[in-house]
2 protein chains.
Amino acid sequence: MSQVNIKKLAAALGLSTSTVSRAFRNNNDINPQTKERILQMAETLGYSPNIYASNLRESKSKTIAIIIPEFGNNFFSQAIKGIEQQARANGYHTLIYVTEDDVNQEAAFVRALCNGRVEGVVMSASGEGLKHSHLSMLKEKKVPLVFFDRCYEDVDATCVTGNDYDSSYAATRHLIENGCKRIVYLVVNKKISIGKIRMQGYRDALKDAGVPYDETFVIECTNDKDEIYATLKDAMNRLKPDGAFASVERLAMASLRLCQNEGINIPEDFKLICFSCLEIADMLNPPLSTVKQPAFEMGEKAAEVLFEALSRREVITKKQLIYLPSIIIPRKSTTFINR
Amino acid sequence: MSQVNIKKLAAALGLSTSTVSRAFRNNNDINPQTKERILQMAETLGYSPNIYASNLRESKSKTIAIIIPEFGNNFFSQAIKGIEQQARANGYHTLIYVTEDDVNQEAAFVRALCNGRVEGVVMSASGEGLKHSHLSMLKEKKVPLVFFDRCYEDVDATCVTGNDYDSSYAATRHLIENGCKRIVYLVVNKKISIGKIRMQGYRDALKDAGVPYDETFVIECTNDKDEIYATLKDAMNRLKPDGAFASVERLAMASLRLCQNEGINIPEDFKLICFSCLEIADMLNPPLSTVKQPAFEMGEKAAEVLFEALSRREVITKKQLIYLPSIIIPRKSTTFINR
DNA sequence: TTGTACGCGTTATCAA
DNA sequence: TTGATAACGCGTACAA
């Protein structure tokens, strides 16, 4: 690829390759003048050290990987931003891998990363947390791993996450306090970590308020837009709920659209609250009550933990949970207040 | 990093490193049984070929870079998705670099990529397109470059972009047809490619409709949320516009919020249309008229062009524009129709 | 302060 | 079908 290498540069200057090499490091074992001369010539010849040779030589890549289940929603966008910023501050490059909610994809990515391609991994889990053999590879290879948002219960690693149980409890309670009696829980997969934890908050809030829990009020959806819509429409007709707590933004949006199309009035006939990082939730019709996670901060913190481990040359093995609190922002979709 | 290398694996099997190496390629110059034996042992020892040694040896990295001005908005998220998908389909990894609209950052990234780190670059330009010296480095290094959305006029490379002039003309015309006479153009930087082209569409539409162009109706904003709001508020008070064409989503959202706060009725008192990839534009209050770019397809196409060049081992030098048409979706924010 | 020489882990070439 | 060897480009002991 690169035609001019350290040898040619050295030859052009009548120097040895080691001297040239030194010019590009920050050691001061080189004459400042020759260093200047070398850098000058490098500029004109268009030389810069081959990164992969350096990586090989130093067995370092200055690269981390981000593995996430999906891409393009507000939560992950902001989280990635936080990770990226930390990475850049530490002089690291970032590789992004999207699993499309497929654990096998996740495993494939992890395997492909074990050859030293990255020095660390920041990840939001795609699967249900039962099999983690693909992650033990990372430990074997001494590649530190930090989870954010979604983690595997049986993997020993730090996880930066929201206080999902508390927020879900509070969100459900908020619906109850505003008069809801038939509350559905909208979830993509009730078995994965966040879907499960959030459901527990929902259930306990119901229980504590003396509202009986009905399994059929847990509406499991897919990731397909049309299927979601159909599932919700069916649930609305069958169950006649007066409120919904959505575990992810997408399901709330579908509900909103459904209500608009079907002429169901929010919040009069139906109240809605959901986990969301949407910055324009207040501009929706009606303004949408949300549980807002600190997405950027989560990414930032996860990366921070990773780089700390990296700097101490240690693999994180102890299971540790770091909670970053979400906040509930009530808006018109659950209340009768003006906005 | 990786403790077990090809030598140890070879030793453990009583084979040579070359034979082991062959087991991991798809050539059939190896006995299927020994291959099986090798892969088995690799599994138990946890061996996989060091990627950087391979990269060095083959002078290939199977990696491309995406360089974009900002991260987290719908347009770029979707575009990245398109690029990513193509990359994965071609067996490539993806490095993402965000310049925060800073050309110097862009230059720094490009320089850092010239050592063979990536085989190609997909980029949306951050600057104004006057100085491109940092990009000529790529050409020297024979690293193909493909622009999407925003390109530099003076750089010879393929650019996959929208038909921005036409869409802007049509959007402005749409406002005029709906009765607007005092239309402001909201832009972040009127000198960069898209800001400029879109402004030309705006100007020409005004001219053709016999509406005089007034320079003070071009409102230049920054990227800071609060500054945007203040700028818009001031403009509203001073100019009393009855319509706005926003070149980017963020400015339209700020306008929407401003109108809500100030009690300005949309569309009665003020009409609004903007470039946006927001999927929930129809759920805003009021539903927002948009010029929708095919973001995903743009990314996809740009990557496609790149991989084509890569497969032909050629650097793209001819300047070529590939247009992917945007569509105008009129909604309530510019008309009196119901949605 | 500079140069020599070796090895990082791989793969391609050639010979067996 | 397999093995020995050289080279990819660089950085670092060590020697000068």
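A, B, ... follow the sequence lines: proteins, then strands. Residue 1 opens every chain. Any value given below was found using the heavy atoms of this structure, including those in side chains, with hydrogens, waters and symmetry copies removed.
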Legend entry - Interatomic distance where CZ belongs to A:Arg25 and C1' belongs to C:dT1 [whole Å]: 18 Å
Legend entry - With sequence neighbours excluded, residues passing salt bridge (Lys or Arg N to Asp or Glu O under 4.0 Å) with B:Lys301: B:Glu304
Inset, instruction - Indicate whether OP1 or OP2 belonging to D:dG9 is found under 4.0 Å from a side-chain N or O atom of A:Lys8. - result: no
Legend entry - Residue closer to the 5' end of DNA chain D, A:Glu58 versus A:Lys7 (nearest nucleotide): A:Lys7
Legend entry - Gap between atoms CZ and P, on A:Phe24 and D:dT12 respectively (whole Å): 14 Å
Inset, instruction - In whole angstrom, give the distance that lies between atom CZ of A:Arg37 and atom C1' of C:dT2. - result: 12 Å
Legend entry - Pair A:Gln293-A:Asp149, side-chain donor/acceptor within less than 3.5 Å: yes
Inset, instruction - Using atom CG of B:Asn50 as one end and atom C1' of C:dG7 as the other, report the distance to the nearest whole Å. - result: 14 Å
Legend entry - Qualifying residues under side-chain hydrogen bond (donor to acceptor under 3.5 Å, both in side chains), relative to B:Ser18, sequence neighbours excluded: B:Ser16
Inset, instruction - Test side-chain hydrogen bond (donor to acceptor under 3.5 Å, both in side chains) on A:Gln105 and A:Tyr97 and set out the steps. - result: CA-CA 9 Å; A:Gln105 264 295 348; A:Tyr97 298 89; over 6 Å; no
Legend entry - For B:Asp101, side-chain hydrogen bond (donor to acceptor under 3.5 Å, both in side chains) partners two or more places apart: B:Asn223
Inset, instruction - In whole angstrom, give the distance that lies between atom CD1 of A:Ile6 and atom P of D:dG11. - result: 6 Å
Legend entry - B:Asn55 CG to D:dG9 P, straight-line distance once rounded to whole Å: 13 Å
Inset, instruction - May I ask you to evaluate whether A:Tyr47 reaches the phosphate of D:dC10, defined as a side-chain N or O under 4.0 Å from OP1 or OP2? - result: yes
Legend entry - Any residue meeting salt bridge (Lys or Arg N to Asp or Glu O under 4.0 Å) with B:Glu297, in chain and number order, not counting sequence neighbours: none
Inset, instruction - Look at the side-chain N and O atoms of A:Asn5 and state whether any lies under 4.0 Å from the OP1 or OP2 oxygen of D:dG9. - result: yes
Would you tabulate the nitrogen or oxygen pairs shorter than 3.5 Å linking the protein to nucleotides 2-5 of chain D?
| residue | atom | partner | partner atom | Å |
| --- | --- | --- | --- | --- |
| D:dT2 | OP1 | B:Thr34 | OG1 | 3.3 |
| D:dT2 | OP2 | B:Asn31 | N | 2.8 |
| D:dT2 | OP2 | B:Thr34 | OG1 | 3.0 |
| D:dG3 | OP2 | B:Ser16 | N | 3.1 |
| D:dG3 | OP2 | B:Ser16 | OG | 3.2 |
| D:dG3 | OP2 | B:Thr19 | OG1 | 2.3 |
| D:dG3 | N7 | B:Arg22 | NH2 | 2.7 |
| D:dG3 | O6 | B:Arg22 | NH1 | 3.4 |
| D:dG3 | O6 | B:Arg22 | NH2 | 3.2 |
| D:dA4 | N7 | B:Ser18 | OG | 3.2 |
| D:dA4 | N6 | B:Ser18 | OG | 3.2 |

Inset, instruction - Let me know the distance between OH of A:Tyr52 and P of D:dG11, rounded to the nearest Å. - result: 15 Å
Inset, instruction - May I ask you to evaluate whether A:Arg57 reaches the phosphate of C:dG7, defined as a side-chain N or O under 4.0 Å from OP1 or OP2? - result: no
Legend entry - Test ring-ring contact (aromatic ring centres under 6.0 Å, His included) applied to A:Phe24 - qualifying residues, sequence neighbours left out: A:Tyr47
Inset, instruction - Grab the CG-P distance between B:Leu56 and D:dC10 for me, whole Å please. - result: 9 Å
Inset, instruction - Could you check which of D:dG11, C:dA12, D:dG9 has an atom nearest any side-chain atom of A:Ala53? - result: D:dG9
